[in-house]
Protein chains: 2
Amino acid sequence: MSGGVVRRPTGADVAREAGVSPSTVSRALNGTGYTAPEVRERVRAAAARIGYIPDANARSLRNRSSRSVGVLISDLRNPFYADLAAGIEQVLRAAGYHMILVNDDGNAEEELLAVQTFAAMRVSGVIITPVSSRSVKSLREHGINVVQADRRAGTRHGDAVLGDNEQGAELITEHLLGLGHRRIALLIDETKWTTGAGRLAGYRAAHEAAGVPLDEKLISFTTSFEAEAARGATAELLGAHPDVTALFAANNVIAQGAFQEIQRRRIAVPRKLSLAAYDDVPWMSMVRPGITTVTQHTVSFGKRCAEVLLNRLDGAAEQEPTIVHVQPELVVRASTAPPR
Amino acid sequence: MSGGVVRRPTGADVAREAGVSPSTVSRALNGTGYTAPEVRERVRAAAARIGYIPDANARSLRNRSSRSVGVLISDLRNPFYADLAAGIEQVLRAAGYHMILVNDDGNAEEELLAVQTFAAMRVSGVIITPVSSRSVKSLREHGINVVQADRRAGTRHGDAVLGDNEQGAELITEHLLGLGHRRIALLIDETKWTTGAGRLAGYRAAHEAAGVPLDEKLISFTTSFEAEAARGATAELLGAHPDVTALFAANNVIAQGAFQEIQRRRIAVPRKLSLAAYDDVPWMSMVRPGITTVTQHTVSFGKRCAEVLLNRLDGAAEQEPTIVHVQPELVVRASTAPPR
DNA sequence: CTGTTAGCGCATTCAA
DNA sequence: TTGAATGCGCTAACAG
């Protein structure tokens, strides 16, 4: 039992039940075109009675567009992306859309595959934390609305919701400089993306503004996106430059690696070393000392992304690109203090 | 520019390009039915040349089923669910399916709405951490394959991937009893779901097995799913029962609240109080002392869910239900030690 | 205001 | 082995 093909009621069934034509059913249920109020009620009742659920695929085929939105992120296990997706989904759902979520693991191939999928599904838009500019271009060529989230790849055109990475990094660096630090190391993984580039620029700008000379050797580039790599980079840096008094980790994964290395070496934070990070994720407020961070209010960030997309779908098709800048905010906790 | 409707190539276009009929295109590209190898190549080349992407909606309409799988979870911001979804997505993607992710916030209404959506989309299956049994029933009535993940609502039928909550709770409780604790409090939020009920049962069973009398007053029920509520419950419990030497938090959110309250009161862990939790999430290994937990290997857990569903889709339509039990594993860290 | 007709793009009969 | 015809379920013209 239970198995087999379930013949689900169609619009024609509703039509029969209500004694009208299929097109009237469509109009009555969708509120498009004219329908006599009395008829509309009858159709609604009939539909409810037989449990009619309009077939989304038929509708999308006919309309050449669906109520689906593609969301393409790097890593759902990273709370930054998970929160972003959570914010997006919340707004989409409230607006009657649903989210196709694809993880690309920071891999351009996978990203391109997902673009194919989204094109095939005729999603009405895509929100993407881009890895390669090809995907974004490809999306556009397919006539799909795209909102770039968190960073931009290549093209500077089109809708985007971005954090002000330069300002965020300045906030942190200023904070550290203001405490009296002069040897502040930056741990960063990439500077090809707008996020990394901006954070590096902010770090530089803050030094410049304060008139503090910057030692380029204190900028450490991690090669991978794993916390373990960041731990190694931290070890190396601390070994080579024992005079460093503060560490600035450019994202939450790097911060994790740095924190672990610091714990392993039993370095007293903030007495011997201050630590600050970009992006506030839960563990940073759970550990002692709590980590000073720049938060981007990630869930709201995601909401903004969805709002920008929805706005574009609501007729603003040929409007100017919307660029939203999310203000980063410094959260001072106990991991930063004046140098000894 | 860029705007307007993009006329995407259809199978007919490919047919024209390759000098064959549309049906041959379909056969050649899908590998169904007979096609001359030479023709197949020609069609493939033509398709690639003009950038043909089969319309997923048309295909789903025709096939009465899509390559979409609905995933319905409680809260993407909770790392447990995020990891679960990450595991599911990874396996689905590798198998050529995609994930429609819906958050129900533990709300039965939202859950039911999502069921409607999934039915409308003709998803080929749904993986759900159920809130209400109605949704699961409704899904079945629509002839949709469902895999219940982590817990079951009402019905004991059908495919499911479940943690052995009773055993996991026993593992923790035994561990604490073995250390010599006799006054172990349990912080739990619900016991209507199979997860909560199982964990409570395991806590009881371990006491029984050890011949240690259990004080029912040490079982504290949180009313909400927020960490803050758990913090309050912890405060109350600690106030009422200062002789408690160990705390067992039944999930990661409760553990967070408990941990925060413990920090606030500056209670020495594990010297004055031991703390253990169900489900291992990142902050638990970052804080000092690290929290002793039972891990369910959540990402793999998610993978198993997807595998069970895929297996069902692969012809096992009328097969016996698959029930997978995921073995919990005790991870002993520094938050548990013999009572003072 | 409502019904008839047509077609979205595909996969599958059935004939050839 | 291939092509022509058909219909999945829906909505939008167009007549009435």
>> Taking side-chain hydrogen bond (donor to acceptor under 3.5 Å, both in side chains) as the definition, give me every residue that meets it alongside Glu17(A), ordered by chain and number, with sequence neighbours left out.
In response: Arg49(A)

> With sequence neighbours left out, what residues match Asp150(B) under side-chain hydrogen bond (donor to acceptor under 3.5 Å, both in side chains)?
Replying inline: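 If we apply the side-chain hydrogen bond (donor to acceptor under 3.5 Å, both in side chains) test to Asp150(B), skipping adjacent residues, there are no hits.
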
> When you list every nucleotide of DNA chain D with an atom under 4.0 Å from a heavy atom of chain B, which one comes first 5' to 3', and which comes last?
Replying inline: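 It runs dT1(D) to dG9(D).
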
Mind listing the side-chain donor-acceptor pairs of residues 70-82 of chain A below 3.5 Å, one per line with the distance, residues two or more places apart or on another chain?
unit_1, atom_1, unit_2, atom_2, d
Ser74(A), OG, Arg151(A), NH2, 3.0
Asp75(A), OD1, Arg77(A), N, 2.9
Asn78(A), OD1, Phe80(A), N, 2.9
Asn78(A), OD1, Asn252(A), ND2, 3.0
Tyr81(A), OH, Arg151(A), NH1, 2.9

> What pairs with Glu190(B) under salt bridge (Lys or Arg N to Asp or Glu O under 4.0 Å), at least two apart in sequence or on another chain?
Replying inline: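 Residues passing salt bridge (Lys or Arg N to Asp or Glu O under 4.0 Å) with Glu190(B): none at all.
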
Please report, to 0.1 Å, the donor-acceptor pairs under 3.5 Å made by any side chain of residues 24-31 of chain A, with sequence neighbours excluded.
unit_1, atom_1, unit_2, atom_2, d
Thr24(A), OG1, Ser21(A), OG, 3.2
Thr24(A), OG1, Arg27(A), NH2, 3.3
Ser26(A), OG, Asn30(A), ND2, 3.3
Asn30(A), OD1, Arg59(A), NH2, 3.4
Asn30(A), ND2, Ser26(A), O, 3.0

> With Ala108(A), which residues qualify under side chain to side chain contact (heavy atoms under 4.5 Å, CB included), at least two apart?
Replying inline: Val131(A), Ser132(A)

Please tabulate the protein-to-nucleotide N/O contacts below 3.5 Å involving nucleotides 14-16 of chain C, giving atom names and distances.
none

>> Does anything in residues 42-62 of chain B come within less than 4.0 Å of DNA chain D? Heavy atoms only, and list the residues if so.
In response: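 Hits under 4.0 Å, by residue number: Leu61(B), Arg62(B).
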
> Counting only non-hydrogen atoms, which of residues 11-20 of chain A are less than 4.0 Å from DNA chain D?
Replying inline: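 Per residue number, the list reads Gly11(A).
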
>> Heavy atoms only, 4.0 Å cut-off, all strands: where does Ser23(A) land among base, sugar-phosphate and nothing?
In response: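 Touches a base.
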
> Which part of the nucleic acid does Val25(A) contact within heavy-atom distance under 4.0 Å: base, sugar-phosphate only, or nothing?
Replying inline: nothing

> Using the C1' atoms of the five pairs at each end, what is the angle between the end axes of the helix from dC1(C)-dG16(D) to dA16(C)-dT1(D), to 10°?
Replying inline: 40°

When the side chains of residues 84-102 of chain A are checked against the rest of the protein, which donor-acceptor pairs come out under 3.5 Å, sequence neighbours left out?
unit_1, atom_1, unit_2, atom_2, d
Glu89(A), OE1, Arg93(A), NE, 3.3
Glu89(A), OE1, Arg93(A), NH2, 3.1
Glu89(A), OE2, Arg93(A), NE, 2.9
Glu89(A), OE2, Asn103(B), N, 3.2
Arg93(A), NE, Asn103(B), O, 3.3
Arg93(A), NH1, Glu110(B), OE1, 3.0
Arg93(A), NH2, Asn103(B), O, 3.1
Tyr97(A), OH, Arg67(A), NH1, 3.3
His98(A), NE2, Ser68(A), OG, 3.1

>> Taking 4.0 Å as the cut-off, does a side-chain nitrogen or oxygen of Ser26(B) come that near to OP1 or OP2 on dA11(C)?
In response: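 Yes.
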
